Amino acid sequence: MDVTHILESLNDEQREAVTLGDEHALILAGAGSGKTRVLVHRIAWIIQTMNISPYSILAVTFTNKAAAEMRGRIENLLNVPAGGMWVGTFHGLAHRILRTHYAEAGLPKAFQIIDSDDQLRLLKRIIRDAQIDEAKWPAKQAQWYINNKKDEGLRAQNLDAQGDFMEQQWIDIYKSYQKICDNSGLLDFAEILLRAHELWLKNPSVLADFQRRFRHILVDEFQDTNTIQYAWLRLLAGQTSKVFIVGDDDQSIYGWRGAKVENIQRVQNEFEKMFLVRLEQNYRSTGNILRAANKLIEKNFGRLGKKLWTAGEDGELVKLYTAYNEQDEARFVVETIKQWIEQGNDRKDCAVLYRSNAQSRVLEEALLMENMPYRIYGGMRFFDRAEIKDALAYLRMVASQLDDAAFERVINTPPRGIGEKTLQAIRAQALKDGVSLWDAMALILEAQAVPARASKALNGFLEIINSLLELSGGAGLENLLLAVLEQSGLVEHYKKEKGEKGRARVENLQELVSAVKQFELDSLEAGVDEEFEEMDDLSVFLAYTALESSNGQAEIGDDCVQLMTLHSAKGLEFPMVFMVGMEEGLFPSERSVEEVDRLAEERRLCYVGMTRAEKQLVLTAAEHRRLYGREFYPKVSRFVRELPQDVIVDVRPRAQISTPISRNTFIDEDALDDFQLCLGQIVRHMKFGDGVLLNFEGKGHHVRVQINFYDAGPKWLVLAYANLQPV
DNA sequence: CGCGTCGTGGTTTTT
DNA sequence: CCACGACGCG
C-alpha cells in the first residue's frame, strides 16, 4: 500500500512517532509541535500498514471539539468515513458503554445525565432537607467534595472520617446524594466515569470484550487525565492493547480540578517498553517568543524536559506595556489592535487573554468605545440557559418519571400555585414510601392529603405531563417539544418577563425547536449508533444536550477580536496575542502563590498563554487597579521578571514625559525601598505627628504616600519632601 | 407570587 | 464595585 501521503510533510520526530511498530508510545509534544497531526497520521498509519480495522481503534480526547476535529482530519487523510472507529471524549465513550450495558452497570434503562447545575440544585435541597446549616456546609463545597472523591474513584462507603466531624458530615451528604441519584436514575459527570470503571471491574467478561476489540488506544492531552480516567484506560488496555499517549507536562493547567500530571510518569512505569518521542520543533511562534517561553518554563522543577525551537525567524521582540491603571491598559490594547488592523490584518487574528473573567469588562468597554467588534469565549452554553433547561426538564419528565431532579425543576415552573408546603408533603410522602416524587404526588392526590386548591394545581400539572406522555409515542421529537412549550405555559411565562431578557428567552426557546429539528435531521442522516438503537430518540437527544452540546458562540465566523481566559486559550493560536493583567496577585493569582505546586501551575498557564502567539506577543500590567471596589498597587508579575530581558522591549510612550527617571519596571520593584519604608509602618511627620503608612503611588522621586495620622487624619504627601522618620 | 432590599463574597472549566 | 442569593412584605 502506498503510504507516502501519510509521511510526507512530517519532520523526523513526527515520522518516528507515526511509524512506530506495534508498541506502547509516549509522545511528549510541545506547544505548536503538531501533536494532533501526529495523532491523526498515526491512526492512518495503523490502519493502512498494520492491517488493523478502524473498528479496533479507540481515540480519546477531552472536549467534543477536539474529538470532532480529530475525526474530520482522519477522514480527510484516509479519504473514507472512519465509521466503526471510536473517537470521543472520556465521558462520551463511557456513556456509550453504559448505554449498552446498563443492566450490568446496575442502571435503569432510561437513566439520565445531570449537569453540574442540576447537581448543585439537588445538593442544595438535600442539605436543606437534612436540616444542615447551609452556611456551614455550602452545597458548592459538597459538590466539590463529591466530585473530587468520585474523580479519585471513591464511593461514600470507601471513605472513613476517622472521627473527624466535618469529614463525616461531607460523607453523609455524599451518601444521601448518591442514594437520591440512584433512586432517580441520575448520573452526574463524574459518575459516568466511575460507573463505567466499576462495570468493568465487576464484569470481567464485558471488560474482556472491549479489550479484545480495541487493539490500539490513542489519548490526547494526557496531562489532563485524572485518577479515574487513568484507571479506566489502564483497565481497558489490559495486557494486549497498545497505547499511544500524547501529552505535554508543561501544559498541565487543570490540576485544580483533579488532573494528575504524574500520570505521564506513571504510564512509563506501568506499560512495558514504552517508546518515548519528543516533539520539540515548533511551527507556530517566532524565535523570540519561544526563547521567552522556554526561559519561563525552565523555572519549574520536576519537568520531563523539553525545549522548543523553530526553523523560522526571530521575529519581533515581546512587548511590555506598563499602564497607569486598567483603563489605560485596555485603551492601549485597543489602540494597538487598531494599528495592527490598519496594517492590513484581521481582527479575528487578535486575542486578548486574561487570568480571570472579571477582567473582560474594562476591555469590553474600551472595545465598544472604539466600535470594535469582539467576541468573548466561554460564555454560557446554549443548553445551560435557564429557559432551555426548563424545557428540557419537561422532556426529562416525559423520558422518565423517576427523575426527581426534573420534577423539582418543573413542578412549579412556570408558577402554577404549587408552593413549598405542597412540595414538602410530596417529598415526605416519597421518603416514607421510597417512591419517586411523581408517584408520591399521585398518592397525595389520591389520599386528598393537601388542600383543594393545591390539589387542583397538582392535577393541572399531572394532566400536562400525562398528555405529553401520550404524545411521546410517535409524534416525533419536534412535535413533542412544541407541545411542551405550548402546554407547560413556558413561552407564555417568559413572554411576560419584561425587557430584552424576556424576549431573548423566548427566542432561545424557539431556537431550541430548531435545534431539535436539526438533531432529528442529523441522526436520520448519520444513522443511529448500535449502542443507542435500543434507546428512543428522546433519550438520545437528552444525552446529547448534556454531553455534547457545544459552546454555541464559539464559531469564529465574523471578524472579531477574541477575548478569553488563559485557560480557554489552550489549544488555540493567534498571530497577535495580548496577555493583560501581568501583575502579582492577579497573575499569579494571590491564592496560588503560597504553594509551590500551584505557583508552578500558574507558570505553566503563563507558558500556555505565551505559546499561543504566532508573530507578536504583548504583555501588559497596570500600576494601579481597582478590584472589588478597592485600590491595588500591584507589582509587575514575577513571570515578566523571569523572562529573558533581551527579548523584551518596554513600551510606554508617555512614561518619558511624566517620570524622566529610570523606567525600568524590573529594577523599580518596590518604590518605597529607597526610603527604607514599608506599608503599615508607623512614621513621624514634623507637623502632623505620628501616623500609619497606608498606601503609595508613583515611582522614584515622584512617590506619593498616604499616611493616616492619628491626629490629622489621612493625608497624601510627596515622599521626597515629607521628611518622614520611621518610629 | 413577585418585587424590593439587604448582605455577602468574588480564580481558572469540561463533561 | 457589582452580581447574585436570601429574606420579607404587599
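In the text below, chain A, chain B and the rest are named by the order of the sequence lines, each starting its count at 1. Everything quoted here is computed from the prediction, not taken from an experiment.
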Under 4.0 Å, heavy atoms only, any strand: does A:Asn226 hit a base, just the sugar-phosphate, or nothing?
nothing

Using whole Å, report how far CD of A:Gln143 lies from C1' of B:dT14.
13 Å

OP1 or OP2 of B:dC1 sitting under 4.0 Å from any side-chain N/O of A:Asn412?
yes

4.5 Å side-chain heavy-atom contact, A:Ile173 and A:Ile127:
yes

Side chain of A:His567, heavy atoms from C-beta onward: which of B:dT11, B:dT13, B:dT15 has the nearest atom to it?
B:dT13

Residue A:Arg381, side-chain heavy atoms: nucleotide from B:dT11, B:dT13, B:dT15 that is nearest
B:dT15

For nucleotides 2-5 of chain C, list the nitrogen or oxygen atoms of the protein found under 3.5 Å from its nitrogen or oxygen atoms, one pair per line.
unit_1	atom_1	unit_2	atom_2	d
C:dC2	O5'	A:Arg361	NH2	3.2
C:dA3	OP1	A:Arg361	NH1	2.5
C:dA3	OP1	A:Arg361	NH2	3.4

5'-most by nearest nucleotide on DNA chain B - A:Leu605 or A:Ala190:
A:Leu605

What nucleic acid atoms does A:Arg630 come within less than 4.0 Å of, heavy atoms only: base, sugar-phosphate, or nothing?
nothing

So what does A:Asp115 touch, heavy atoms closer than 4.0 Å: a base, only the sugar-phosphate, or nothing?
nothing

Short side-chain N/O contact from A:Thr565 to OP1 or OP2 of B:dT12, under 4.0 Å:
no

Atom pair distance, as rounded to whole Å: CZ in A:Arg604 and P in B:dT12:
18 Å

Hey, do the aromatic rings of A:Tyr544 and A:Phe519 have their centres closer than 6.0 Å?
yes

At under 4.0 Å between heavy atoms, what does A:Glu602 touch on the DNA or RNA strands: base, sugar-phosphate, or nothing?
base

When the P atoms of C:dG5 and B:dT12 are considered, how many whole Å apart are they?
16 Å

Between the protein and nucleotides 6-10 of chain B, which nitrogen or oxygen pairs come in under 3.5 angstrom?
none

The criterion is salt bridge (Lys or Arg N to Asp or Glu O under 4.0 Å); which residues satisfy it with A:Lys149, sequence neighbours excluded?
none

Taking only side-chain nitrogens and oxygens of A:Asn64, does any of them come within less than 4.0 Å of OP1 or OP2 of B:dT15?
yes

Tell me the interatomic distance from A:Phe632, atom CZ, to B:dT11, atom C1', rounded to whole angstroms.
14 Å

Indicate whether any N or O donor in one side chain lies under 3.5 Å from an N or O acceptor in the other, for A:Gln327 and A:Glu329.
no

Give the C-alpha distance, both sets of side-chain angles, the deciding distance and a yes or no for side chain to side chain donor-acceptor pair (under 3.5 Å) between A:Asn263 and A:Gln229.
CA-CA 10 Å; A:Asn263 285 345; A:Gln229 286 161 340; over 6 Å; no

Scan A:Ser589 against the nucleic acid and name what it touches under 4.0 Å (heavy atoms): base, sugar-phosphate only, or nothing.
base

Checking A:Glu602 against A:Ser592: is there a side-chain donor and acceptor pair closer than 3.5 Å?
yes

Given the ring of A:Tyr177, does A:Arg125 sit roughly above its face, with NZ or CZ under 6.0 Å from the centre of the six-membered ring and within 45° of the axis?
no

Expressed as a whole number of angstroms, how long is the span from A:Glu420:CD to C:dC7:P?
12 Å

Send over the distance from A:Leu120 CG to B:dT13 C1', rounded to a whole Å.
15 Å

Does A:Arg128 reach a base, just sugar-phosphate, or nothing at all? Heavy atoms under 4.0 Å.
sugar-phosphate

Touch check for A:Asn357, heavy atoms < 4.0 angstrom, all strands: base, sugar-phosphate only, or nothing?
sugar-phosphate

Looking only at atom types and distance, does a side-chain atom of A:Gln562 sit under 3.5 Å from a main-chain N or O of A:Cys560, one as donor and one as acceptor?
yes

Applying a 4.0 Å non-hydrogen cut-off, can you work out what A:Gly417 is touching in the nucleic acid: base, sugar-phosphate, or nothing?
sugar-phosphate

Can you spot which of A:Asp118, A:Thr413, A:Thr545 makes a side chain to side chain donor-acceptor pair (under 3.5 Å) with A:Lys389?
A:Asp118

From OG (A:Ser116) to CG (A:Asp188), nearest 0.5 Å:
9.5 Å

Specify the separation, in whole Å, of atom CZ of A:Phe189 and atom P of B:dT14.
11 Å

So is A:Arg257 actually on top of A:Tyr254's ring, under 6.0 Å and inside 45° of the axis?
yes

A:Tyr254 OH to B:dT14 C1': how many Å, rounded?
7 Å

Round to the nearest Å and state the distance from A:Asp224 atom CG to B:dT14 atom P.
12 Å

Using the aromatic ring of A:Trp256 (for Trp, its six-membered ring), decide whether it stacks on the base of B:dT12 within the limits of 5.5 Å and 30°.
yes

Would you indicate what A:Ser116 reaches in the nucleic acid, counting non-hydrogen atoms under 4.0 angstrom: base, sugar-phosphate, or nothing?
base

